[in-house]
Structures are given as structure tokens and as C-alpha cells.
Amino acid sequence: MRILTSDQAVLDHVAARRETIIGRTIDWANINSGSRNAAGLKAVLDVLEAAAGALAATVERLPTQGSTTVADDGSVRTEAHADALKITARPDAPIQVVLTGHYDTVFPADSRFQTVTTRTDGALNGPGVADMKGGISVLLAALEAFETHPDKHGVGWTVLLSPDEEIGSPASAPLLAELGARGHVGLTYEPALADGTLAGARKGSGNYHLIVTGRAAHAGRAFDEGRNAVAGAAIIAAALHGLNGQHEGVTVNVAKISGGGALNVVADNAVVRFNVRVPDKAAADWIDASVRAIAATPPFEGLTLDLHGGFTRAPKPMDAAQTALFEAVKEAGALLGQPIAWKPSGGVCEGNNLHAAGLPNIDTLGVRGGDIHSDQEFAWPDSFVERAQLSALILCKIASGEIDAAKLKSLRMETL
């Protein structure tokens with residue numbers, strides 16, 4: 001593998017747009033788009049749709065499915081979600097590349113972390129600047145450059161920008177599964193680590209919500225007539241926590257218990273919320289069965305239990321397809337003077353969804369940064385061009401056949 005004259009022209013195209021790639025990221029990050037901020041999501045979707053118009057591609061908004069949520073009072077509600085943005089070029093080409101990202105962030109509309117600033121060391125500090133509005137800018141820059149390559153016609157591509165990744169992709173999961181099933185290679189734009197290290201194997205993740213219903217009573221006059229849902233929830237939470245250490249690689253995080261009210265009332269409702277992480281399918285089956293066994297048996301008479309949720313992202317192991325793709329990306333990075341390394345991660349992302357649907361993918365092709373999901377989130381400005389060039393070169397080498405996308409897909413299907 002080497003950089004050809006046509007490849008270099010693509011790389012130069014990226015370099016010439018440095019200020020635009022960084023500047024639009026700042027503009028987008030200055031618009032709050034927390035996963036449940038409908039107005040903010042719409043505003044960001046509008047500017048992303050306008051930016052996508054620079055590509056010779058079909059741009060469309062896709063409605064996403066609703067999802068159910070469990071409120072703190074135990075009621076089950078239907079939640080609507082914003083549209084996804086789909087951008088498609090050459091859908092009939094023999095090789096199809098799927099590029100995904102998300103335009104929601106973890107910062108709610110009333111967050112105090114709202115604007116981008118520049119730190120004294122030059123890093124950008126702002127909400128979503130790394131995770132992942134910077135990644136979306138890198139993605140678009142790579143495609144803009146690749147579209148100038150003479151071999152582009154053999155490669156079709158589809159971009160999906162989703163509104164709900166930070167809450168587990170409940171609305172966009174079917175869209176990701178559809179694209180993953182028909183693509184050959186996936187590129188996803190979560191941030192790399194600050195030194196450029198990529199995520200390799202990823203654990204799977206499940207989110208559960210257990211509604212505990214008891215019986216209200218006066219805490220003094222009729223305590224024995226009540227059935228305390230909060231007390232039951234606490235016992236259940238302890239049992240769930242006790243699952244830690246029983247199966248290698250499995251963790252259970254009891255994140256929140258809601259419920260109850262006045263101190264002189266026996267609580268009649270509570271909700272236990274917890275997350276599980278697993279290294280493989282066998283572990284997923286074990287923890288799901290263990291959780292359901294606990295949820296099937298009230299800790300004392302008079303309580304009822306109602307379990308909601310389950311696995312939102314399957315594990316993503318380093319199988320043969322993933323290993324081969326990483327080696328190809330490493331070789332491309334070396335041509336650019338970018339050492340590429342990877343390590344396993346307990347975190348999850350859309351790459352898990354794509355892999356489960358049969359798509360080998362690299363899911364940390366975004367900017368170099370860190371401290372994501374906090375008000376210290378940062379991205380290094382030099383990494384915007386660097387990472388866009390890496391993706392652009394990957395696309396060039398897929399087009400030339402030096403990265404054999406069809407073979408990668410075949411390897412993945414052998415282990416699906």
C-alpha cells in the first residue's frame with residue numbers, strides 16, 4: 001500500500017479545508033443538542049442537512065421509531081425522537097461503505113456547559129466538540145475529498161447521523177441494523193483517545209428498569225397494612241449488585257432508585273435502574289437470565305415486579321474481520337505518519353450495532369480528544385485534518401481494492 005498521486009490530491013483537499021472543518025464543529029457544538037432537547041436537535045439537524053448539501057448525494061430525513069420509557073413514578077410512557085439524517089451516493093456500486101455518527105450529546109438543554117472555548121494549551125473545550133460533532137465534521141470532510149478521486153465510482157456510501165446514540169439508540173437501532181446488513185465496511189466517528197488510540201473489542205451493554213409496586217399506608221397508624229416498595233427496591237438492588245464477580249467480565253451497575261414520598265407514608269412505588277456490561281454472548285445470556293430470575297421473585301409478600309429493558313448493544317469482539325480491518329487501517333495510518341494502536345473498551349457505541357448486523361467496522365475514527373461526557377470535554381485542533389485524511393485514505397484504498405472490503409464482509413459473515 002502506498003500513497004498514489006490521486007490519493008495525495010484527496011489528502012491535499014482535506015488539508016486545504018482545515019479552518020472550515022474546525023470552524024463548523026465549533027458552530028455546531030455551540031448549539032445544545034442533548035438527546036431529549038427536541039428544539040436543539042432540530043436546530044443541529046438543520047445545519048447538518050445544509051452542510052450535507054455540498055456533497056453530490058441524496059440527502060433525506062428519516063423518521064425514527066418511538067421508544068418506551070419508565071418514569072420515576074413507575075408509569076410507562078412512549079417517547080418520540082428526532083429524525084435521523086441519511087446521505088447516500090452510488091447505492092448500486094459493488095462496494096458499499098456505511099459511515100455513522102450521532103448529533104445528540106449528553107448535555108441537557110439547561111446544562112451550564114453550552115459553548116466552546118480554547119484552552120491555554122490550544123485544545124478546544126466544549127459540549128460535543130469531540131463526542132461527536134467534531135467526528136461528524138471529519139466524516140463529511142473525508143467524503144468531500146474522496147468525491148474528487150477518480151476511482152470513486154466503484155464505491156457507494158451511506159451516512160446515517162442519528163439523534164439518540166447517547167441514550168442507547170432506541171429509535172435508530174433498526175436503521176443501523178438495516179445499513180449494517182447490506183454494507184461491506186463501516187466507519188464510525190466516536191472520538192479516539194487523546195493519543196490517537198482506537199477502541200478495539202467492545203463489551204455489550206444492557207439497560208434495565210424494574211418497577212416495584214407495593215401498597216401505601218400511614219407509617220404510624222397503619223404501618224403493617226403497607227408494603228414498602230422502596231425497601232423492596234433496596235433489597236433487589238443489593239441482589240443485583242451481588243451478581244458482580246460471579247461471571248468473568250460481567251458488571252452490574254445499579255445506577256438509580258426512584259420512588260417514595262413523605263416520611264409518614266409507606267412507599268407504594270419505586271423504580272430500580274441498572275446497566276450491565278458483558279464481554280460475549282454467553283455472558284449476556286447468563287446475566288439476562290440472572291436478572292430475570294431476581295425480577296421474578298418479590299423480596300417479600302405484597303410487592304409486584306415489572307421488568308423493562310434489556311440489551312441495547314451486543315458485544316463487539318475482535319474477530320477475524322475486525323482484526324483484518326484494523327491491520328489495514330494501521331497500514332493506512334503509517335503512510336500518513338499516524339501510528340495506529342487499539343485497545344479493548346468497556347464502552348459501547350453504534351459500532352456494536354453495526355457489527356451485530358454483520359458489518360466489520362472501525363468506530364473511533366473521530367478527532368483525538370478526551371474527558372467526554374463532562375464539562376472538561378476537549379479535542380485537539382490538529383487532529384481534525386489528521387483524522388479526516390485517515391478516513392479519506394481508507395476510502396481511497398477501498399476504491400483501489402488495496403483494502404478488500406468484500407473479503408472483510410465475507411470474514412464477518414463466517415462468524416455471524
Side-chain angles (χ1 to χ4, degrees), residues 35-36 67-77 79 106 164-170 173 201-216 226-261 263 265-317 344-349 352-353 356 373-374:
S35 303
R36 292 186 168 88
S67 64
T68 59
T69 60
V70 177
D72 284 349
D73 63 2
S75 61
V76 180
R77 305 170 185 174
E79 180 180 14
V106 300
D164 62 334
E165 192 277 338
E166 295 292 9
I167 54 173
S169 303
R202 287 187 180 271
K203 287 188 173 183
S205 175
N207 294 321
Y208 294 84
H209 312 270
L210 180 61
I211 303 169
V212 184
T213 304
R215 183 186 308 143
R227 296 295 181 268
N228 195 308
V230 170
I235 295 169
I236 291 166
L240 291 167
H241 181 73
L243 296 173
N244 286 300
Q246 294 190 27
H247 194 292
E248 185 176 357
V250 175
T251 57
V252 181
N253 179 52
V254 180
K256 184 178 181 181
I257 300 178
S258 307
L263 296 182
V265 177
V266 176
D268 66 348
N269 72 283
V271 179
V272 184
R273 305 181 192 277
F274 56 101
N275 171 264
V276 302
R277 301 284 166 130
V278 298
D280 51 42
K281 185 179 184 303
D285 292 343
W286 177 83
I287 192 61
D288 188 68
S290 299
V291 163
R292 294 187 184 281
I294 290 172
T297 309
F300 50 81
E301 183 272 331
L303 297 182
T304 60
L305 308 180
D306 183 16
L307 182 66
H308 291 258
F311 275 88
T312 55
R313 305 198 197 274
K316 181 187 172 187
S345 171
V348 294
C349 71
N352 293 70
N353 299 65
H373 295 192
S374 81

Asks: Given Phe274, which of Val291, Ile236, Asn207 fulfils the side chain to side chain contact (heavy atoms under 4.5 Å, CB included) condition?
Replies: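 Of the listed residues Val291, Ile236, Asn207, the side chain to side chain contact (heavy atoms under 4.5 Å, CB included) partner of Phe274 is Val291.
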Asks: About how many Å separate CG of Leu303 and OG1 of Thr213, when rounded to the nearest 0.5 Å?
Replies: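 It comes to 8.5 Å.
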Asks: Closest heavy-atom contact between Gly214 and Ala229?
Replies: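 Here Gly214 and Ala229 meet closest at N-CB, 3.8 Å.
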Asks: From Asp164 CG over to Glu79 CD, what is the distance, rounded to the nearest 0.5 angstrom?
Replies: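 If we round to the nearest 0.5 Å, Asp164:CG and Glu79:CD are 9.0 Å apart.
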Asks: More than 12 foreign heavy atoms under 6.0 Å from NE2 of His373: is that the case here?
Replies: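 Above 12, so yes.
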Asks: Please find the pair of heavy atoms, one from Val271 and one from Ala71, that lie closest to each other, and give the distance.
Replies: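 Smallest interatomic distance, heavy atoms only, reads CG2-O, 3.6 Å.
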Asks: With a 4.0 Å cut-off, would you call Asp288 and Lys281 a salt bridge?
Replies: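 The answer is no: the pair does not qualify as a salt bridge.
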Asks: Run the side-chain contact (heavy atoms from CB on, under 4.5 Å) test on Arg313 and Asn353 for me, step by step, so that the C-alpha distance in whole Å, both residues' side-chain angles and the decisive distance to 0.1 Å come before the verdict.
Replies: CA-CA 6 Å; Arg313 305 198 197 274; Asn353 299 65; 2.5 Å; yes
Asks: What pairs meet the ring-ring contact (aromatic ring centres under 6.0 Å, His included) rule with one or both residues in residues 279-313, with sequence neighbours excluded?
Replies: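 Pairs touching residues 279-313 that pass the test: His247-Trp286.
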Asks: Which heavy-atom pair separates Ala267 from Val230 by the least distance, and what is that distance?
Replies: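 Closest approach of Ala267 to Val230: CB-CG2, 3.5 Å.
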Asks: Answer yes or no: is there a side-chain heavy-atom contact under 4.5 Å between Val348 and Arg277?
Replies: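 Touching, per the 4.5 Å side-chain cut-off.
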Asks: Which of these passes side chain to side chain contact (heavy atoms under 4.5 Å, CB included) with Leu240: Ile287, Ile235, Val252?
Replies: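 With Leu240 as partner, Ile287, Ile235, Val252 yield a single side chain to side chain contact (heavy atoms under 4.5 Å, CB included), made by Val252.
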Asks: Just by distance, do the side chain of Asn244 and the backbone of His241 share a donor-acceptor pair under 3.5 Å?
Replies: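 Yes, the answer is positive, given that a donor and an acceptor are paired below the 3.5 Å cut-off.
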Asks: Just verifying a value: how many Å separate Leu210 CG and Asp306 CG, rounded to the nearest 0.5 Å?
Replies: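 Answer for the CG-CG pair, Leu210 versus Asp306, is 7.5 Å.
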Asks: Look only at the side chain of Asn352 and the backbone of Lys203, and say whether a donor-acceptor pair between them is shorter than 3.5 Å.
Replies: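 Yes; at least one donor-acceptor contact below 3.5 Å.
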Asks: Do you know the tightest heavy-atom contact between Arg273 and Val70?
Replies: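 Closest pair (atom of Arg273, atom of Val70, distance): NH2-O, 2.7 Å.
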Asks: Name the one of Asn269, Asp73, Asp72 that satisfies side-chain hydrogen bond (donor to acceptor under 3.5 Å, both in side chains) with Ser258?
Replies: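 Considering Asn269, Asp73, Asp72, a side-chain hydrogen bond (donor to acceptor under 3.5 Å, both in side chains) with Ser258 is found only for Asp72.
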Asks: For Cys349 versus Arg202, what's the shortest heavy-atom pair and its separation?
Replies: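 The pair with the smallest heavy-atom distance is SG-NE, 3.6 Å.
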Asks: Taking all non-hydrogen atoms of both residues into account, name the closest pair between Ala283 and Val250 and its distance.
Replies: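 Looks like CB-CG2, 3.6 Å.
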Asks: Let's go through Val76 and His209 carefully: what are the C-alpha distance in whole Å and the side-chain angles of both, what is the deciding distance for side-chain contact (heavy atoms from CB on, under 4.5 Å) to 0.1 Å, and is it a yes or a no?
Replies: CA-CA 10 Å; Val76 180; His209 312 270; over 6 Å; no
Asks: Show your reasoning for whether side-chain contact (heavy atoms from CB on, under 4.5 Å) applies to Val276 and Leu243.
Replies: CA-CA 10 Å; Val276 302; Leu243 296 173; over 6 Å; no
Asks: I need the Lys256 NZ to Asn275 CG distance, nearest 0.5 Å.
Replies: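 So the gap between those two atoms works out to 15.0 Å.
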